[in-house]
Amino acid sequence: MLRYVTTNAGKVREAREYLDGVEQLDYDYTEIQASELGPIAARGAREAYRHAGEPVLVDDAGLFVEGFDGFPGPYSAYVEDTLGVETVQRLVARELDEPPRASFRCVLAYCDGAPFEASPDPVDRDDRSAAAAAGEARERDESVGDEAEGREALPVKLFHGTVRGRIVEARGDGGFGYDPVFEHDGTTFGEMSAAEKNAVSHRGRAFAKFAEWFPERGE
Ligand code: ITT
């Protein structure tokens with residue numbers, strides 16, 4: 001059975017529209033340090049698959065503020081926990097032209113231990129070479145990577161979704177995380193229902209691709 005690996009109940013609410021009855025696996029996989037979400041999600045999917053022994057889907061997401069060179073990006077959870085969403089909004093508003101542009105990005109990483117046929121979606125076969133290609137040092141991961149343990153890296157299939165918008169003063173109490181300060185087409189994600197957000201969001205776009213592909217995997 002497919003397990004959706006996250007500690008975030010807000011993500012689970014949104015995923016249910018695409019994965020009817022999917023089981024959440026509340027597993028806190030190691031989030032490596034990288035400037036892109038893909039290697040983080042791929043590494044997490046390998047670890048979660050080894051932990052669960054069943055097909056897993058890891059969801060790594062973040063808010064990328066254009067005028068801040070993509071900050072907080074992969075560090076969005078840390079920044080939310082330390083500064084808080086409204087401080088981020090005030091900081092952005094003070095430092096950048098109003099209203100500052102930003103995007104939400106989501107990467108879904110699927111791993112079931114088996115290889116994939118060639119397809120347009122990216123497949124991460126070796127997270128260390130992917131990171132090297134992105135020009136990153138990955139020393140921190142070497143002690144826990146597949147290769148370090150003498151195993152072949154498990155293939156991981158990636159599904160990406162992005163939505164552009166602007167950072168605004170908080171409105172609405174729906175959603176989670178940065179939703180109240182992210183405005184898309186005049187409405188913040190905090191003012192949207194889960195279905196309205198899914199129709200335009202980074203996660204909804206990544207899930208739409210995954211939900212189209214996944215049934216073929218079982219055939
Ligand atoms: P898991 O890693 O266990 O899935 P998490 O909340 O830490 O839970 P991420 O690392 O992907 O998940 O999240 C990065 C941050 O971005 C975190 O602060 C989230 O609240 C925020 N975030 C992710 N998706 C979001 C969304 O759709 N709307 C608002 N904030 C979001």
Side-chain angles (χ1 to χ4, degrees), residues 2-19 22-49 51-52 56-65 68 70-89 91-92 102-111 158-168 170-184 187-208 210:
L2 177 64
R3 308 274 172 173
Y4 181 48
V5 185
T6 181
T7 60
N8 186 323
K11 289 185 181 179
V12 178
R13 274 195 303 278
E14 293 171 17
R16 292 228 185 273
E17 189 177 324
Y18 300 91
L19 302 173
V22 70
E23 287 283 329
Q24 176 185 3
L25 178 61
D26 191 336
Y27 175 63
D28 204 6
Y29 56 86
T30 314
E31 292 208 13
I32 58 160
Q33 219 170 355
S35 60
E36 299 287 331
L37 301 178
I40 301 172
R43 172 69 186 75
R46 290 187 179 97
E47 183 185 325
Y49 173 74
H51 169 80
V56 292
L57 189 64
V58 159
D59 172 331
D60 199 41
L63 178 72
F64 294 71
V65 177
F68 279 1
F71 177 86
Y75 307 104
S76 295
Y78 177 72
V79 170
E80 182 185 343
D81 290 347
T82 50
L83 295 183
V85 166
E86 301 205 3
T87 301
V88 173
Q89 184 273 320
L91 190 68
V92 166
S103 59
F104 267 131
R105 295 184 207 161
C106 172
V107 177
L108 296 175
Y110 174 82
C111 180
L158 303 176
F159 302 85
H160 295 257
T162 301
V163 60
R164 295 188 71 196
R166 291 180 185 275
I167 304 297
V168 296
R171 300 198 314 265
D173 53 12
F176 65 95
Y178 297 89
D179 281 343
V181 300
F182 185 84
E183 185 186 76
H184 176 77
T187 308
T188 70
F189 277 4
E191 294 172 311
M192 297 183 186
S193 67
E196 286 166 341
K197 180 181 165 187
N198 272 341
V200 294
S201 79
H202 51 315
R203 181 161 299 101
R205 287 174 179 166
F207 260 111
F210 176 75

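One-based numbering, in listed order, for ligands and for the atoms of each.
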Original post:
Is it the case that more than 12 heavy atoms not belonging to Asp81 sit under 6.0 Å from its CG atom?
Top reply: yes
Subject >> By salt bridge (Lys or Arg N to Asp or Glu O under 4.0 Å) - contacts of Arg164 (at least two apart) >> reply: Glu66
Original post:
Does the separation of the ring centres of Tyr4 and Phe207 fall below 6.0 angstrom?
Top reply: yes
**OP:** Compile the protein residues with any heavy atom at a distance under 4.0 Å from an atom of ligand 1; present them by chain, then by number.
**Re:** Thr6, Thr7, Asn8, Lys11, Tyr29, Glu31, Asp59, Asp60, Ala61, Ser76, Ala77, Glu80, Phe104, Phe176, Gly177, Tyr178, Asp179, Lys197, His202, Arg203
**OP:** With sequence neighbours left out, write down each residue that passes side chain to side chain donor-acceptor pair (under 3.5 Å) with Glu80, or none if nothing qualifies.
**Re:** none
Original post:
Is it true that Glu191 and Arg171 have a side-chain N and a carboxylate O under 4.0 angstrom from each other?
Top reply: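 Answer for the salt bridge query: yes.
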**OP:** Could you list the residues that satisfy ring pair (Phe, Tyr, Trp, His ring centres under 6.0 Å) with Phe104, not counting sequence neighbours?
**Re:**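 Ring pair (Phe, Tyr, Trp, His ring centres under 6.0 Å) check on Phe104 returns Phe182, Phe189, His202.
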